[in-house]
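Letters go in sequence order (proteins before strands), and every chain restarts at 1. Everything numeric in this text was worked out from a predicted model, so none of it was measured.
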Amino acid sequence: MGGGETLTREVGWILLGIFGTAWIFLGIFWGRKAKNREGFSLAGRNVGMALGTATAMATWVTSNTIMLAPLFAIEMGVWGMLAYSTASFGLFLFAPMAFRIRRMIPKGFTSGDFIRLRYGKIAWAIFLIISLIYSMAWLVTMAMAGGVVLQTLSGIDYQFGMSVILLVCVTYTLFGGLYAVIGTDFIQSVIILAGIFIVGAFAVVQIDISEIYVSVAKEQPALLDLLMPVALLSLFNNLFFGFGEIFHNNVWWSRAFAMRSKVSHKAFFLSGLLWFPIPIAAGFIALCAIPLGINITDPDGVGPLVASEILGPVGAVLVFIVVFCSLASSIDSLLAATSELFIQDVYRKMLRPFAGEQELRRLGSVVIVALGLIAWGLSMPRFGQLNMVLFLSGPLVASAIFPVICGLFWKRANRYGAILAMLIGSVVGVTAYFLIGWYAASLISAIVSVATVALSSLLFPENFAWKTLNEAETSPSVGKMPKGSQA
Amino acid sequence: MILFPENLFSLLIYGALIWTGLGGLVLITLILKDFISGNVW
């Protein structure tokens with residue numbers, strides 16, 4: 001061992017081996033249920049309440065949650081933790097959207113399907129660019145976080161740890177599709193919740209909450225400030241970032257399509273309830289660094305560092321497992337949902353409308369591997385703080401919030417307004433990111449976006465026919481080829 | 001500077017921990033319920 005890690009490299013590799021093998025085995029096992037394209041891509045559209053809740057929650061508990069919540073706590077105190085928790089509101093508000101999605105687009109595959117049918121091809125192209133940029137940014141930050149945490153906890157080289165995590169996730173997603181993703185998500189959810197609870201419980205047993213409070217109030221009182229301006233601004237920023245991420249991303253749309261119509265809205269609401277306390281429970285660990293006098297040299301790794309300092313090897317093992325689960329549960333979902341976006345929206349809708357089942361399955365495998373390789377290549381040079389990479393994509397997705405909401409619930413929402421909202425919101429939001437800071441970028445982007453959609457739709461209202469959304473496979477579809485075409 | 005009251009701080013941390021632990025139990029209960037009724041997948 002060297003540096004601050006409390007696990008040996010050997011233990012780290014053993015844990016990686018055990019859990020990596022388990023996920024691959026389970027992925028292949030559940031993947032056998034996928035008999036056709038709907039099975040592989042959407043788990044047969046028949047996922048129940050328990051698996052639905054767990055997969056929505058686990059996907060949203062990213063490695064960023066485990067790594068950044070402590071960073072938020074140590075930089076912005078109590079409001080920082082609460083700000084991170086507001087990301088759960090996206091899950092709450094997606095619940096009625098999931099209900100509507102299942103009703104209006106019963107045969108949909110992706111969020112891109114909705115944008116294309118609702119706003120046309122220009123909006124669709126812009127939306128796909130935003131969605132793909134964000135998904136890759138998310139994938140890269142998680143792969144980077146994986147490498148960082150393995151190095152912090154066990155001294156496994158950043159490049160090796162990051163590579164193994166990606167390899168495991170690519171392998172089981174490749175074999176099992178969404179069945180594998182959702183099945184493993186359930187086990188990962190239970191492990192994440194139990195692990196965070198156990199680490200937190202150990203911490204409060206060892207260091208009294210009063211002791212933490214007194215120490216923070218004495219050493220860094222700003223962290224307990226009721227009116228910390230940056231933290232309060234970050235709260236609203238995070239709220240809109242969360243809305244943007246969830247409302248637009250195919251990761252959640254694919255789950256809405258995969259769940260039974262009667263449980264989708266309930267599952268999303270419950271997943272939000274289960275998610276809400278996690279950033280607080282994971283974040284407060286970082287505040288223990290102050291009474292313990294731990295010197296924070298690497299802000300990205302503050303959570304695992306403090307947990308292993310407080311709890312020793314057992315705590316380090318627990319944090320290691322929790323982070324590995326949170327990484328896997330999000331990376332697999334992103335691989336599955338983003339590859340589906342490529343296959344359905346780019347390949348099938350733009351290039352090969354009459355592609356057959358086998359061709360789409362083969363292509364799905366290629367895209368999953370390609371996404372893994374791209375993420376690996378971008379993650380190899382470890383750059384910047386994790387939150388900078390993540391929040392740079394915030395204003396882009398925030399610009400899509402209101403085009404999506406208005407498109408689903410307001411028939412007067414205008415397609416040109418949606419296009420302008422995404423373009424202007426993104427440009428202004430990214431500008432705000434550099435001129436003001438990450439804590440304001442998503443908020444400003446969302447405000448510009450809603451103003452654009454609302455104004456244009458009120459001035460030039462569209463009278464959208466909702467039945468248009470139920471494409472019902474009347475357009476070129478899998479297995480229904482015109483004579484003379486090739487599968 | 002107005003600080004968070006200590007009791008509110010304690011409530012936040014303890015509440016979050018208990019809530020997190022209960023979340024795990026809720027998931028296990030739900031999967032058992034779905035398993036019994038044949039509604040897992």
Heavy atoms of A/Ala217 and B/Leu3 approach each other most closely as CB-CD1, 4.1 Å
Nearest heavy-atom pair of A/Ala50 and B/Leu27: which atoms, and what distance? O-CD2, 4.2 Å
Under the ring pair (Phe, Tyr, Trp, His ring centres under 6.0 Å) definition, can you give me all pairs with a residue in residues 33-59 of chain A, not counting sequence neighbours? none
Is it true that, when you exclude A/Phe92 itself, more than 12 heavy atoms of the residues, nucleotides or ligands shown sit nearer than 6.0 Å to its CZ? yes
State which residues pass side chain to side chain contact (heavy atoms under 4.5 Å, CB included) with B/Ile28; sequence neighbours excluded, sorted by chain then number. A/Val190, B/Leu32
Which residues share a side chain to side chain contact (heavy atoms under 4.5 Å, CB included) with A/Phe202, sequence neighbours left out: A/Ile198, A/Leu311
Looking at [atom1] of [X] and [atom2] of [Y], how far apart are the two atoms once the value is rounded to the nearest 0.5 Å?
{"X": "A/Ile212", "Y": "B/Ile13", "atom1": "CD1", "atom2": "CD1", "value": "7.0 Å"}
{"X": "B/Ile18", "Y": "A/Phe197", "atom1": "CD1", "atom2": "CZ", "value": "7.5 Å"}
{"X": "A/Phe284", "Y": "B/Leu17", "atom1": "CZ", "atom2": "CG", "value": "5.0 Å"}

Most chain B-contacting option - heavy-atom pairs closer than 4.5 Å, from [options]:
{"options": "A/Ile278, A/Leu274, A/Val204, A/Leu51", "answer": "A/Leu51"}
{"options": "A/Pro221, A/Ala194, A/Ala258", "answer": "A/Pro221"}
{"options": "A/Ala281, A/Ala282, A/Gly77", "answer": "A/Ala281"}

Between chain A and chain B, identify every pair of one donor and one acceptor N or O atom lying under 3.5 Å apart.
residue, atom, partner, partner atom, Å
A/Asn46, ND2, B/Trp41, O, 3.3
A/Gly48, N, B/Val40, O, 3.1
A/Met49, N, B/Asp34, OD2, 3.2
A/Ala50, N, B/Asp34, OD2, 2.9
A/Ser210, OG, B/Glu6, OE2, 2.8
A/Tyr213, OH, B/Phe4, O, 2.3
A/Leu224, O, B/Phe4, N, 2.7
A/Leu226, N, B/Ile2, O, 2.7
A/Arg260, NH1, B/Asn39, O, 3.1
A/Arg260, NH2, B/Asn39, O, 3.3
A/Arg260, NH2, B/Trp41, O, 2.9
A/Leu273, O, B/Trp19, NE1, 3.2

Contact class of [X] relative to chain B, heavy atoms under 4.5 angstrom:
{"X": "A/Ile191", "result": "neither"}
{"X": "A/Met259", "result": "neither"}
{"X": "A/Ile192", "result": "neither"}
{"X": "A/Leu270", "result": "side chain"}

If we define contacts as heavy-atom pairs under 4.5 Å, which of B/Ile31, B/Leu25, B/Leu30 has the most with chain A? B/Ile31
